[in-house]
Number of protein chains: 2
Amino acid sequence: MSHCHTYLKKLRDQGYRITPQREMIVQIIAHCGKHMSAEEVMEIVREKSSSINIATVYRTLDMLVENGLASKFDLGNGKTAYATGKHGPHIHLVCKHCGSVTEVSENDISAFLERIEDLYDFDCHPYHFSIHGLCGECSNSEIS
Amino acid sequence: MSHCHTYLKKLRDQGYRITPQREMIVQIIAHCGKHMSAEEVMEIVREKSSSINIATVYRTLDMLVENGLASKFDLGNGKTAYATGKHGPHIHLVCKHCGSVTEVSENDISAFLERIEDLYDFDCHPYHFSIHGLCGECSNSEIS
DNA sequence: TCCTTTATTGAGAATGCTTGCAACAAGGAA
DNA sequence: TTCCTTGTTGCAAGCATTCTCAATAAAGGA
Ligand SMILES: [Mn+2]
Ligand SMILES: [Mn+2]
Ligand SMILES: [Zn+2]
Ligand SMILES: [Zn+2]
């Protein structure tokens, strides 16, 4: 069963209509622990021998984000990734040289975000964003 | 005069060729204190009665970013903005409801970034990134 | 000054994502 | 169960950005 039902119920309660397309997309990203691009969602849909238009995938994923059921973020590789709340709030450190992605845990950012919220009266919502820079390895090799 | 010369010299020293297109683009974003999109740079070029291909504008701006002479960031409105170093390192708080952009100053983030660099051995390069959320006003009006 | 090397450009195709709109169908009322 | 309202979908066009590749032109050497 998992949380799919909870997700769908929450949407229905918000007044959204539950279509087969939405059910399928919610099921896919709720069961997948990692990040997914819209295109990856599409591929899994195709494997299930049905088909959904890519625009619908984007619309559904963005709707989940707007309702706090998923987060959306840019991995710096030209593609946008989505993940359910299960994935947890954190920062991605994206190396602009080798493309590696390191995840910063919630603990390491919560104090900072609280400070921002206080100082700027801003509700940092999906705590899922990217900082671009150089990873340790690339940083060293660049000196040579 | 301004820092255009410094910028161009730095590029030449790196082995880049100085073309009229690059000179013009560097001059434009070096003199403009605020963020600019590639399209905005293009418009100014056109006003000067010359013409540069849009791909060249993107390539040049990205080259400046790679060499630390400019920073690049997503304002959450579907367009990417660029700015010279003069604009200074900071965070953008982008309200996903009204689209407002609040700037967080360097002071408020430096301690946090240092902590990240230590813990994760990651060189946070252009300290120019965005956090999406809700601004104070939109946060309040959403309760009703 | 002219030549050679090779980085850079412009043009256009391609990619990732969004939008407008007419056809369609979920969900509630009768 | 049938009908209506209106949210949702698919499709195609549009937009921002990137990529490929042949033609061009900086920069340095002769
Ligand atoms: Mn992540
Ligand atoms: Mn800024
Ligand atoms: Zn790296
Ligand atoms: Zn707002």
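Order of the sequence lines sets the chain letters (A, B, ...), proteins ahead of strands, with each chain counted from 1.
A sub-4.0 Å separation between OP1 or OP2 of D/dG10 and a side-chain N or O of A/Q21 is present. The phosphate of C/dC17 (OP1 or OP2) has a side-chain N or O of A/T80 nearer than 4.0 angstrom.
Between B/N53 atom CG and D/dT24 atom P there is a gap of 15 Å when expressed in whole angstrom units. At whole-Å resolution of the value, CD1 in A/I25 and C1' in D/dT9 are 11 Å apart. Summarising the geometry, the separation between CD on B/E39 and C1' on D/dT18 is reported as 14 Å, rounded to the nearest angstrom. Distance, B/D13 CG to D/dA26 P: 19 Å, rounded to whole Å. To the nearest angstrom, C1' of C/dA26 lies 17 Å from NZ of A/K9. With rounding to whole Å, B/E40 atom CD is found 16 Å from D/dT17 atom C1'. Spacing between atom CG of A/D62 and atom C1' of C/dT18 amounts to 9 Å, rounded to whole angstrom units. Atom OH of B/Y82 and atom P of D/dA16 are 13 Å apart (whole Å).
With contacts defined as side-chain heavy-atom distances shorter than 4.5 Å, the pair B/E39/B/M42 qualifies.
Picking from C/dA26, D/dT8, D/dT18 the nucleotide with the shortest atom distance to the side chain of B/Y58 gives D/dT18. The side chain of B/R22 has C/dT9 as its nearest neighbour among C/dT9, D/dT18, C/dC17. Distance from the side chain of B/A55 is smallest to C/dA11 among C/dA11, C/dG27, C/dT9. When distances run from any side-chain atom of A/T56 to the nucleotides D/dT9, D/dT18, C/dT18, the shortest one goes to D/dT9. If you check C/dG27, D/dA26, D/dA27 against the side chain of B/I18, the one that comes closest is D/dA27. Of the candidates C/dG10, D/dT9, D/dG10, the closest approach to any side-chain atom of A/I52 belongs to D/dG10.
Using a 4.0 Å heavy-atom criterion, one finds that A/I54 contacts no nucleic acid atom at all. B/S37 comes within 4.0 angstrom of no nucleic acid atom, judged by non-hydrogen atoms across all strands.
Annotation: the span from B/I52 atom CD1 to B/I28 atom CD1 amounts to 6.5 Å, rounded to 0.5 Å. Remark: B/R12 CZ to B/R22 CZ distance equals 11.5 Å, nearest 0.5 Å.
Interface remark: the A/R17 side chain does form a donor-acceptor pair with the D/dT6 base, using a distance-only criterion of under 3.5 Å. Contact annotation: side chain of B/R59 to base of C/dG10, donor-acceptor pair present below 3.5 Å.
Side-chain atoms of B/E40 come within 3.5 Å of backbone atoms of B/S37 as a donor-acceptor pair (strictly under, hydrogens ignored). Proximity of a side-chain donor or acceptor of B/N67 to a complementary backbone N or O of B/L69 within less than 3.5 Å is not detected.
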